[in-house]
There are 2 protein chains.
Amino acid sequence: MNSAIPATIIEIKTACSQCNLRELCLPFGLDPREINQLDELVGSRRKIKRQQHLYRSGESFEAIYAIRAGSFKTDVILEDGRDQVTGFQMTGEVLGLDGISTEHHSCNAIALEDSEVCVIPFSRLEELSRQVESLQHQFHKIMSREIVRDHGVMMLLGSMRAEERLAAFLLNLSQRFTARGFSPSEFHLRMTRDEIGSYLGLKLETVSRAFSRFQEEGLVAVQQKHIRILDTPGLKRLLNHHTI
Amino acid sequence: MNSAIPATIIEIKTACSQCNLRELCLPFGLDPREINQLDELVGSRRKIKRQQHLYRSGESFEAIYAIRAGSFKTDVILEDGRDQVTGFQMTGEVLGLDGISTEHHSCNAIALEDSEVCVIPFSRLEELSRQVESLQHQFHKIMSREIVRDHGVMMLLGSMRAEERLAAFLLNLSQRFTARGFSPSEFHLRMTRDEIGSYLGLKLETVSRAFSRFQEEGLVAVQQKHIRILDTPGLKRLLNHHTI
DNA sequence: GGAGCCCTTTGATCCACATCAATACGATTA
DNA sequence: TAATCGTATTGATGTGGATCAAAGGGCTCC
């Protein structure tokens with residue numbers, strides 16, 4: 001039976017035109033004909049096992065990557081060993097934009113679970129986006145969104161206290177899970193307390209204590225990496241009503 | 001005498017092709033013919049007085065801006081009044097990239113001194129960069145550079161101590177002044193201690209104390225906003241040799 | 001299915017930076 | 001030259017989160 005299915009069908013199954021993430025990803029706003037053009041460009045897919053690098057800081061930049069399945073973290077490491085997680089990425093999000101500026105990657109991208117990415121050769125993407133206006137615009141939006149996100153993280157790191165940071169983090173995850181059709185209130189963290197802490201500029205013990213505090217106050221139910229948000233407005237209140 | 005000069009000459013004087021910042025700015029890598037095309041696109045210039053806004057968070061996005069003279073800060077403000085400076089920009093740098101993602105600006109841009117910017121209507125920039133490959137590529141590099149810079153700030157805010165942050169800040173300024181043909185070791189700060197503190201995630205008193213400490217140790221000579229770097233290697237050492 | 005290891009939680013103590021407070025400086029204007 | 005105001009410095013004290021420490025829990029990989 002299976003051998004009767006032509007190989008091309010399997011190919012189409014993994015194309016942008018058939019991908020259920022297309023509304024979040026590069027194809028957003030493209031018409032069907034344009035998506036087909038994009039399909040031709042997305043050459044290959046790559047599977048990355050948990051804990052393995054998609055790319056490393058210093059490697060030469062050739063392509064950007066759209067996450068098809070799984071999730072990643074990006075981090076920057078200083079000579080003395082200190083490292084900072086700069087982001088967590090999930091399906092439909094794009095990795096590798098940091099590499100455009102110097103033709104070399106400036107951070108590491110590591111899979112948090114077994115994952116798969118679509119490889120988008122950058123020079124070909126530039127070529128096609130010179131022809132397809134909507135692709136060009138969507139790509140610019142994706143880069144700009146990354147800049148806006150980074151400003152949010154700066155705000156978080158520069159002016160918020162520990163519990164506010166964690167609340168903001170959970171609300172952000174909730175919103176991104178929702179956009180992917182998952183529950184807004186119940187999800188599984190793919191990263192450790194240490195990684196969350198690095199991202200939020202806190203130590204893992206502080207993250208753990210903040211989780212415990214949220215649990216005591218009935219804001220969330222925490223069981224290891226399984227999170228249930230019980231009081232979204234309560235978490236939001238934590239963010240805005242900063243009692244000086 | 002002056003009246004004999006045709007008006008067009010004054011126009012040309014302020015065009016990209018004649019601008020001494022072109023190696024830092026959008027025209028970088030373009031050939032003379034392409035720069036002329038860019039000239040036509042850069043419609044107008046705008047003067048912004050000290051302390052005035054170039055744009056505000058929430059305003060609709062129409063154009064990006066290249067700084068021709070002066071300097072700016074960008075900041076994000078929360079409802080409860082807390083604000084975070086997300087960057088300081090100087091000549092040749094581009095402002096407004098945050099607005100592409102939602103068609104609305106997501107931060108404020110405020111002049112630190114009397115300044116002038118070139119207004120670059122964004123839809124026309126996209127149009128021209130579909131025709132001019134080198135412009136497209138340079139624009140992508142500028143956006144990517146902003147992302148890389150933001151990651152550096154995250155590292156700074158998330159994993160460095162107060163004096164390291166200030167050292168990194170001074171070295172960064174020094175390098176940018178150098179790129180503009182100014183002294184690497186002697187310059188005038190355009191921003192207050194409070195603004196530096198907001199950018200670095202510190203209080204103004206902490207910034208002031210760190211300056212005093214650097215002075216005691218002979219790393220810099222500080223007199224209000226006038227800075228003389230006396231020991232660049234010393235500052236760099238402060239960054240890398242993090243004694244745990 | 002069990003051994004080992006990593007991850008998480010929780011408590012006790014410490015310290016870097018915040019906060020509070022007062023003074024001093026410099027630029028601007030009268 | 002004095003008055004005013006925003007900015008900067010410096011000192012005293014407080015505190016949120018870091019650090020140190022130990023025990024418990026749950027994956028992962030044989």
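A, B, ... follow the sequence lines: proteins, then strands. Residue 1 opens every chain. Since the structure is predicted, the reported quantities are computational estimates derived from the model, not experimental observations.
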Do B:F182 and B:F187 have their ring centres less than 6.0 Å from each other?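 No: the rings miss the under 6.0 Å criterion.
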Select from A:E205 and A:R165 the residue whose nearest nucleotide in DNA chain D is closer to the 5' end of that strand. A:R165
Under 30°, 30 to 60°, or over 60°: which ring-plane class applies to B:H105 and B:F61, parallel, tilted or perpendicular?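 B:H105 vs B:F61 ring planes: perpendicular.
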With a 4.0 Å cut-off on heavy atoms, is B:L204 in touch with a base, just the backbone sugar-phosphate, or nothing at all?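 Result for B:L204 = base.
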Regarding B:G201, tell me which of base, sugar-phosphate or nothing describes its non-hydrogen contacts under 4.0 Å with the strands shown.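 Contact class for B:G201: sugar-phosphate only.
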Tell me whether A:E116 is salt-bridged to A:R45, with the criterion being a basic N under 4.0 Å from an acidic carboxylate O.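 A:R45 and A:E116: not salt-bridged.
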Before accepting this row, confirm whether a basic side-chain N of the pair B:R180/B:E93 lies closer than 4.0 Å to the acidic partner's carboxylate O.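 Salt bridge flag = yes for B:E93 with B:R180.
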With sequence neighbours left out, the residues meeting ring pair (Phe, Tyr, Trp, His ring centres under 6.0 Å) with B:F211 are none
Nearest whole Å is fine: how far is [N] [atom2] from [X] [atom1]?
X      : N      : atom1 : atom2 : answer
B:Q215 : D:dA8  : CD    : C1'   : 13 Å
B:R193 : C:dA18 : CZ    : P     : 15 Å
A:M160 : D:dG16 : CE    : C1'   : 17 Å
B:L200 : C:dA16 : CG    : P     : 18 Å
B:Q51  : D:dC5  : CD    : C1'   : 14 Å
A:K203 : D:dA21 : NZ    : C1'   : 16 Å
A:R190 : C:dC7  : CZ    : C1'   : 16 Å
B:E216 : D:dT9  : CD    : C1'   : 12 Å

Between A:S212 and C:dT10, is there a side-chain N or O to OP1/OP2 distance below 4.0 Å? yes
Looking at D:dG17, C:dG11, C:dT9, which one has an atom nearest to any side-chain atom of A:R209? C:dG11
Counting only side-chain heavy atoms from C-beta out, which of D:dG17, D:dT7, D:dT10 sits nearest to B:S208? D:dT10
For DNA chain D, find the residues of residues 220-227 of chain A with a heavy-atom distance under 4.0 Å and give them by number; none if there aren't any.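 Within this stretch, A:Q224 sit under 4.0 Å of the strand.
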Output yes when a side-chain donor or acceptor of B:T86 lies under 3.5 Å from a complementary backbone atom of B:T74, and no otherwise. yes
May I ask you to decide if A:R50's main-chain N or O and A:D114's side chain share a donor-acceptor pair within less than 3.5 Å? yes
